[in-house]
Amino acid sequence: MLTIFVDMDDVLADTYGKHIELYNEEHKQDLSLAHIESGEVWQNVPEIHQESIWQHVHKEGFFRDLEPIKDSIQVMEALCNKHNVYIATAATQFPNSLKEKSDWLDEHMPFITWQHRIMCGHKFILHGDLLIDDRSYNLERFAGDTLLFDSPHNQHETDYTRVYNWLEVAERLL
């Protein structure tokens with residue numbers, strides 16, 4: 001049985017897609033994931049619109065209304081039945097995210113109880129077997145094994161084992 005830490009944003013919950021959706025609504029654009037080869041959403045829009053994207057995470061409801069990443073719910077439930085699984089998310093960085101992320105988990109992954117939710121900043125302080133995250137800076141100092149969850153913003157990262165979707169995670173860990 002492994003102790004596994006799993007990030008939320010762009011691993012379980014689609015913040016990238018929400019940024020695109022809000023950008024299109026705010027600026028009457030038709031940006032899609034297919035238009036983006038790499039980088040953050042804000043790096044793929046005109047400079048005049050970048051500030052509006054940075055403000056999304058400060059809006060009430062942003063973290064609460066995210067769509068689950070495809071297959072994440074089913075695979076996470078199976079992982080929880082086989083391993084010790086904890087959510088490890090930076091939920092204190094933005095004012096509303098702590099409660100909204102907890103509410104999101106209550107709705108989409110109620111099998112992950114409050115005792116298995118770690119709302120933190122630095123993830124290298126965690127001690128376990130595996131960290132699944134989309135941000136290399138969270139992986140670089142983690143003492144256990146790591147999996148880099150694929151996202152447009154991490155396309156140039158080559159130092160970590162990459163997983164492209166939750167079915168691939170299931171193949172490795174179930």
Rounded to the nearest 0.5 Å, what separation is found between the NZ atom of Lys82 and the CG atom of Leu173? 8.0 Å

Donor + acceptor pair across side chains of Thr15, Asp10 (<3.5 Å): yes

If you measure from CZ on Phe111 to CG on Leu79, what distance do you get to the nearest 0.5 Å? 9.0 Å

Decide whether His56 and Glu26 meet the rule of one side-chain donor and one side-chain acceptor closer than 3.5 Å. yes

Ring-plane angle category for His27 and His49, please: parallel below 30°, perpendicular beyond 60°, tilted otherwise. parallel

Under 4.0 Å between a side-chain nitrogen and a carboxylate oxygen: does that hold for Lys18 and Asp14? no

Please list all pairs passing the side chain to side chain donor-acceptor pair (under 3.5 Å) test where one or both residues lie in residues 114-131, with sequence neighbours left out. Asp7-Lys123, Ser102-Arg117, Asp106-Arg117, Thr113-Gln115, Lys123-Asp133

Spacing of Gln50 atom CD and Gln55 atom CD [to the nearest 0.5 Å]: 13.0 Å

Can you tell me if Gln43 uses its side chain to pair, donor with acceptor, with the backbone of Glu40 under 3.5 Å? yes

Glu51 CD: over 12 foreign heavy atoms closer than 6.0 Å: yes

Looking at His83 and Met1, would you say the former's side chain and the latter's main chain have a donor-acceptor pair under 3.5 Å? no

Donor-acceptor contact present, side-chain Asn154 to main-chain Ser151, <3.5 Å: yes

Glu168 vs Asn165 side-chain heavy atoms within contact, under 4.5 Å: yes

Indicate, with yes or no, if the rings of Tyr86 and Phe5 have centres closer together than 6.0 Å. yes

Straight-line distance of Ile87 CD1 to Ile112 CD1, nearest 0.5 Å: 3.5 Å

Looking at OG of Ser97 and CE of Met8, how far apart are the two atoms once the value is rounded to the nearest 0.5 Å? 9.0 Å

Ignoring hydrogens and angles, tell me if any N or O in the side chain of Arg162 forms a donor-acceptor pair with the backbone of Glu157 under 3.5 Å. yes

Transitively linked via ILVMFWY side-chain contacts under 4.5 Å: Tyr164 with Trp166? no

Applying side-chain contact (heavy atoms from CB on, under 4.5 Å) to Thr146 and Thr161, what does each step give before you reach the verdict? CA-CA 7 Å; Thr146 59; Thr161 301; over 6 Å; no

Quick check: is Leu66 connected to Leu22 through a chain of hydrophobic side chains (ILVMFWY, heavy atoms under 4.5 Å apart)? yes

Would you say that Gln155 contacts Asp150 through its side chain, given a criterion of any heavy-atom pair below 4.5 Å between the two side chains? yes

Any donor-acceptor pair under 3.5 Å linking the side chain of Gln29 with the backbone of Asn24? no

Counting heavy atoms not belonging to Glu67, are there more than 12 under 6.0 Å from its CD? no

OG on Ser136 to CG on Asp159, rounded to 0.5 Å: 8.0 Å

Any donor and acceptor pair, going by atom type alone, linking the side chain of His35 with main-chain N or O of Ser32 inside 3.5 Å? yes

Students should find that the hydrophobic cluster of Ile53, defined by side-chain heavy atoms under 4.5 Å apart, otherwise consists of Tyr16, Ile20, Tyr23, Leu31, Leu33, Ile36, Val41, Trp42, Val45, Trp54

Heavy-atom count around Lys70 NZ within 6.0 Å, excluding the residue itself: above 12? no

Between Ile132 and Leu126, is there a shared hydrophobic cluster once you connect ILVMFWY residues whose side-chain heavy atoms come closer than 4.5 Å? no

Check Glu107 with Lys101, please: is the shortest side-chain N to carboxylate O separation under 4.0 Å? no

Are Val6 and Ile118 connected, step by step, through hydrophobic side chains (Ile, Leu, Val, Met, Phe, Trp, Tyr) whose heavy atoms are closer than 4.5 Å? no

When you compare the side chain of Phe124 with that of Glu140, does any pair of heavy atoms fall below 4.5 Å? no

Using a 4.5 Å cut-off on heavy atoms from C-beta on, say whether the side chain of Trp104 contacts that of Met109. yes

Would you find a donor on one side and an acceptor on the other, under 3.5 Å apart, between the side chain of Glu77 and the backbone of Ile73? no

Just by distance, no angles: are the side chains of Ser38 and His153 close enough, under 3.5 Å, to form a donor-acceptor pair? no

Does Phe142 share a hydrophobic cluster with Val11, counting links as ILVMFWY side-chain heavy atoms below 4.5 Å and allowing steps through other members? no

